[in-house]
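Below is one structure, written out as structure tokens; comments come after it.
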Amino acid sequence: MGMLPGKLFEMTRHLSCILHDLEEAGIRVEIGDDFAKYRAYRGQNPDRGAIYPMFDVTRSYVDQSNGFWVCGFNPDGEVIHTQAVRLLDLSGVSLAKHLNDHRHKYITPDTTPDPDLTHYSGPEALHVISGRVCYQGDFWLRARGLGGPRSQGATALLSRVLLEIMVGAWNPAFVFALVPKQLAAKGAHLRYGYCHCEPGRWLGPDQQVTEEDYLIWMKENDMANLLSLAPHRLECAPKVSAVRSTPPAVERQVALDNSSSV
């Protein structure tokens, strides 16, 4: 069933405001579902880690039927933002089983001595999340310091763009992401719009902690509540010269960063 006209209008109005604010701040947004193109865009940031398998068209089946991406560009045409989403069919399957079965697509390369014997554990929600589920990942936004897009609130607006389109297109029962502990401690899930955040960790072959990723997630009514609110406006500084002059900041995020996978 398609989106109701009233909801479609509301989504269009919200997206129009967000994209206008981002343009005023010097960020041009492109949305697409060609993951070969996304892979090429990701390759323009050599200081970042390799693209995760979940969104790599050479390693996963991902196209317009089960994914799309959002990229941002500064006035010089440089890629300063990426994020992507995958639709997962977890009918009759818990997220716990899914992450165990597809661990190789979620584990950060070179963080464990044996990916085959590494698993993710901790969050209670792993056993609740199932059905029509979306995974938001590969979130990255360049620029540091006051005056940059992060300090203006661009993170929240860019995440909102993806969530608006995701819900309108797929109406999932759940959406989740994996966020490194240090980002979760700074409230990253709130900037992304998520209301649930649970500690989690990857355990290696000897039960050693190889990486700490927090699970952030929302269920259907959480998403509806979020999207019923008008988007926050950017604290606009002069057009983002800061974005143009600041070198890339290497920050892995999935959930929004930890791009993880199916």
Side-chain angles (χ1 to χ4, degrees), residues 38 42 48-56 59-60 62 66-70 81-88 90 93-112 115 118-141 155-156 158-159 162-163 166 172-204 208-219 222-223 250-262:
Y38 182 69
R42 274 289 267 106
R48 296 178 64 188
I51 186 172
Y52 277 74
M54 177 68 113
F55 303 116
D56 186 349
R59 302 179 65 185
S60 295
V62 54
N66 65 356
F68 68 88
W69 46 261
V70 177
H81 168 66
T82 65
Q83 62 174 315
V85 63
R86 285 283 305 270
L87 175 65
L88 312 173
L90 302 188
V93 177
S94 70
L95 181 58
K97 185 176 189 308
H98 167 76
L99 289 178
N100 189 57
D101 291 346
H102 299 278
R103 60 171 69 91
H104 290 82
K105 295 184 178 181
Y106 289 94
I107 294 172
T108 303
D110 303 320
T111 57
T112 176
T118 299
H119 67 281
Y120 184 69
S121 70
E124 289 293 327
L126 290 175
H127 306 286
V128 175
I129 296 173
S130 65
R132 196 173 177 84
V133 178
C134 283
Y135 165 71
Q136 184 182 7
D138 209 32
F139 193 103
W140 173 80
L141 177 60
T155 294
L158 289 164
S159 180
L162 183 143
L163 294 171
M166 178 197 76
F174 293 92
V175 60
F176 78 96
L178 296 172
V179 178
K181 179 182 178 179
Q182 64 271 26
L183 294 179
K186 296 177 181 178
H189 63 291
L190 299 177
R191 293 196 298 277
Y192 298 140
Y194 286 73
C195 52
H196 301 284
C197 179
E198 299 183 45
R201 53 192 186 170
W202 292 95
L203 298 176
Q208 74 272 37
V209 177
T210 61
E211 193 169 22
E212 291 188 85
D213 284 331
Y214 280 39
L215 176 72
I216 64 175
W217 60 279
M218 287 187 283
K219 54 187 175 181
D222 296 323
M223 289 180 265
V250 181
E251 289 190 4
R252 186 180 59 81
Q253 297 178 190
V254 173
L256 292 178
D257 298 78
N258 192 12
S259 214
S260 308
S261 85
V262 151

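Position 1 is the first residue of the sequence; numbering continues from there. Since we're looking at a predicted model, the values are computed, not measured.
Remark: side-chain polar atoms of R42 are paired, donor with acceptor, to backbone N or O of G49 under 3.5 angstrom. Panel note: side chain T111, backbone T210; no donor-acceptor pair is recorded below 3.5 Å. Using a distance-only test at 3.5 Å, with no hydrogens or angles considered, a donor-acceptor pair links the side chain of D222 to the main chain of K219. Checking side-chain atoms of R191 against main-chain N and O of K186 turns up a donor-acceptor pair under 3.5 Å. Remark: side-chain polar atoms of Q83 are not paired, donor with acceptor, to backbone N or O of L162 under 3.5 angstrom.
A distance of 9.0 Å separates CG of L99 from OH of Y135, quoted to the nearest 0.5 Å.
Looking at M166 and P172, their side chains come closer than 4.5 Å, going by heavy atoms from C-beta outward. When side chains are defined from C-beta on, F139 counts as touching L158, because their heavy atoms get closer than 4.5 Å. You'll find the side chain of K181 reaches within 4.5 Å of the side chain of Y214, heavy atoms only. Residues V133 and V175 have side chains not in contact (no heavy-atom distance under 4.5 Å, counting atoms from C-beta outward).
H189 meets the ring-ring contact (aromatic ring centres under 6.0 Å, His included) test with no other residue; sequence neighbours excluded.
Taking the six-membered ring for Trp and thresholds of 30 and 60 degrees, F55 and Y38 have ring planes more than 60 degrees apart, a perpendicular arrangement.
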Under 3.5 Å, sequence neighbours excluded: what are the donor-acceptor pairs made by side chains of residues 118-132?
{"residue": "T118", "atom": "OG1", "partner": "T112", "partner atom": "OG1", "Å": "2.6"}
{"residue": "T118", "atom": "OG1", "partner": "D114", "partner atom": "O", "Å": "2.8"}
{"residue": "Y120", "atom": "OH", "partner": "D213", "partner atom": "O", "Å": "2.7"}
{"residue": "Y120", "atom": "OH", "partner": "L215", "partner atom": "N", "Å": "3.4"}
{"residue": "R132", "atom": "NE", "partner": "W170", "partner atom": "O", "Å": "2.7"}

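A salt bridge between R86 and D138 is absent, with no side-chain N of the basic residue lying under 4.0 Å from a carboxylate O of the acidic one.
Using a 3.5 Å distance cut-off with no hydrogens or angles, the side chains of Y192 and Q136 do not pair a donor with an acceptor.
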